[in-house]
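Presented below is the structure to which this report refers.
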Amino acid sequence: MRRHAYVMAADPYFLQASVRSYYDLVDRIVVSYDADGRSWTGTDLPVQECLAALEKVDVDGKCVLSPGSFHVPGRDPLESDTVQRQAALDEASDGADWVLQLDTDEVMTSPGTFLGCLDRAESAGADGLDYPARWLYSRVGPGKYLERCTRFGRTAASFPGPLAVRAGTRLELARQADVPLYRVDLRAWNTDRHHPHDAVVHEVVPAADAVVHYSWVRPPEVIRRKFGWSGHTDEYSRPEVYRRWDRFTRRPRLAVLGTPFRSTDWLRVSTAADLEEAL
Amino acid sequence: MPTVSVVIITYARPAYLRECLEHLAKSATTPHEVVVVDGSPDERTRDIVRADFDQVRLVQHSLGPGTMPESRQLGLEVATGDVVAFIDDDAYVDRDWLDHLAAAYGPGVGGVGGRALNGQPGEESRGLGSIGRLLPDGTITGNFAADPGRTIVVDHLLGANMSFRRSVLEQIGGVRGRYPGTCACEDTDISLRVRQQGLRLVFEPRAVVRHVAAPYQTGGQRFDRRYQFYSRRNHVLLLARTYGWRAEVLRRYLWSALRSQRGYLAEAWRRVRHARSDGRAGGGLLTRLTGPVVLARSAAELGGLLAGLVAIAGARRTDRAEGVGTP
């Protein structure tokens with residue numbers, strides 16, 4: 001099976017750890033970035049910093065730079081997100097059977113498990129691999145994080161979109177694609193509240209093998225910037241989103257104790273690798 | 001290419017069997033042999049076979065209705081081909097069905113199945129990615145009408161269109177019986193046991209049958225309460241016989257089955273509340289009064305689960321005695 005990947009160089013946080021975690025699984029990595037250093041919302045991006053970080057990781061010369069222009073004033077950021085991903089995916093599809101599409105703050109903890117699932121997805125006739133990610137909300141201490149969970153504190157997976165798709169796949173929205181999926185979860189029944197409760201689970205992996213998504217694990221000034229350039233900026237840039245993040249980060253115990261009583265933002269304290277280089 | 005014996009089990013559906021045999025006769029490659037296993041209480045089926053299909057080998061039995069596994073075993077016992085293919089009497093093969101089936105037997109392949117088209121709109125794309133799976137929650141998926149466009153690996157095959165190496169079937173002790181009723185599960189039982197031998201099962205989408213779903217000759221409708229009862233009963237038995245009492249997949253299945261009852265409760269409650277399926281008020285008095293009838297389905301399924309649990313000990317004891325027990 002020939003595997004390629006694409007990354008979008010926009011956010012240097014965790015970028016090296018992310019790419020390094022699956023570097024040996026792929027033959028080529030298409031690095032997509034905005035040539036003008038603009039985000040989908042028009043803000044400035046530290047593109048050169050990202051490219052410099054990638055150069056350090058790319059010891060075998062697998063990275064192929066692919067600049068483009070993805071900021072279109074007035075266009076929905078999520079649409080620009082999809083356009084950029086599709087362009088990168090199309091380029092990465094050349095000569096590949098499957099293309100990995102991890103964001104640069106998603107770190108693969110068990111590449112062997114991931115690869116096994118991908119092999120089984122291939123043999124089952126699926127065109128996408130939905131692989132679970134643990135979604136980290138913020139860092140609250142050395143190696144300790146607030147992590148999204150179920151209302152009563154059990155591990156929950158999040159599925160931002162298939163983390164690998166068959167080459168030539170057409171994306172619908174951001175990473176999501178309307179293709180037959182092989183869905184891996186953390187228990188035999190769906191654990192992601194955003195999916196239907198009866199969503200099919202083809203395979204179960206331990207939580208320790210899930211991808212770790214350091215989604216909102218950033219210093220305060222960076223998380224504010226990230227909310228501004230994200231494809232979800234309309235939602236994230238509301239002041240209460242940042243205020244809540246700040247409150248929960250400073251008082252994690254209260255965030256956890258209040259979880260069963262909230263309708264959203266169910267959080268627990270958990271451990272994950274502390275990637276000092278990124279912080 | 002391996003030689004293929006085709007086994008068709010039938011019970012009192014002579015017209016369907018005739019058409020089934022006529023389609024087989026038009027195959028691009030003639031099967032090694034065709035075996036019809038007939039348990040009909042009258043002579044109509046046997047008369048047709050003797051009069052119009054003199055090349056077909058006829059095996060007669062009087063085990064009665066609801067004995068599909070036992071009938072398959074009778075067919076297997078007389079088959080002599082390298083591969084034994086089973087099709088239903090209401091499953092009509094495409095001209096090149098047999099060629100595609102036989103060609104898929106590569107190294108390490110213990111069984112090959114194909115598509116069974118039911119004539120439903122969109123069935124070719126429904127369930128792609130979930131064809132013939134045994135899921136971690138203990139349930140199984142079908143979707144055997146879907147066309148993935150390539151040969152894929154599956155966990156189990158559909159009785160209407162499946163085949164296995166004869167040597168492997170003999171190695172696992174043949175087809176296990178004691179799966180009564182209208183949802184027999186013996187096809188999945190064979191499949192899972194073949195996989196336990198370390199062999200692969202593949203789904204070849206070009207090996208097509210058209211499954212016309214003939215009416216049962218044993219009374220009742222295709223997916224009635226009786227079907228729901230036997231579906232649960234035999235599934236519990238299947239998992240316990242194949243993986244053992246303590247298998248996690250059995251516990252998960254029991255939990256999955258209980259969880260799924262919520263759907264019936266919700267539906268009954270919705271009807272009693274005088275709501276339409278879109279959640280708005282509506283529906284007649286009759287709908288409200290008959291709302292709880294939906295729970296009969298739940299009762300059938302829960303009864304099936306219980307009956308399955310009760311039947312496990314006896315079935316496993318008999319399996320061991322007959323040398324077809326699994327752990």
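First the proteins, then the strands, lettered A, B, ... as listed; each starts at 1.
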Requested in this report: Would you mind checking if B:D155 and A:R120 are paired as a salt bridge, meaning a charged N to carboxylate O distance below 4.0 Å?
Outcome: no
**Report entry** A:K62 NZ: over 12 foreign heavy atoms closer than 6.0 Å
**Finding:** yes
Query raised in the report: Using non-hydrogen atoms only, which part of B:L128 is less than 4.5 Å away from chain A: side chain, backbone, both, or neither?
Result: both
Query - Chi angles and distances behind the side-chain contact (heavy atoms from CB on, under 4.5 Å) call for A:V200, B:L135 - result: CA-CA 8 Å; A:V200 169; B:L135 300 176; 3.8 Å; yes
Query raised in the report: Considering residues, nucleotides and ligands other than B:R262, do more than 12 of their heavy atoms fall under 6.0 Å from its CZ?
Result: yes
Report summary line: Output for pair (B:D137 CG, A:D198 CG), nearest 0.5 Å, gives 10.5 Å
Requested in this report: Check each atom of B:S256 against the heavy atoms of chain A and say whether the ones under 4.5 Å are side chain, backbone, both or neither.
Outcome: both
**Report entry** B:R252 versus chain A, the contacting section by heavy-atom distance below 4.5 Å
**Finding:** both
Query raised in the report: Considering only heavy atoms, which portion of B:R126 lies under 4.5 Å from any heavy atom of chain A: side chain, backbone, both, or neither?
Result: neither
Report task. Could you tell me which non-hydrogen atom of A:P180 sits nearest to which non-hydrogen atom of B:G129, and how far apart they are? Result -> CB-N, 3.9 Å
Query raised in the report: Between B:R200 and chain A, which part of the residue has a heavy atom less than 4.5 Å away: side chain, backbone, both or neither?
Result: neither
Query raised in the report: Is a side-chain N or O of A:H202 found less than 3.5 angstrom from the main chain of B:R133, in a donor-acceptor match?
Result: no
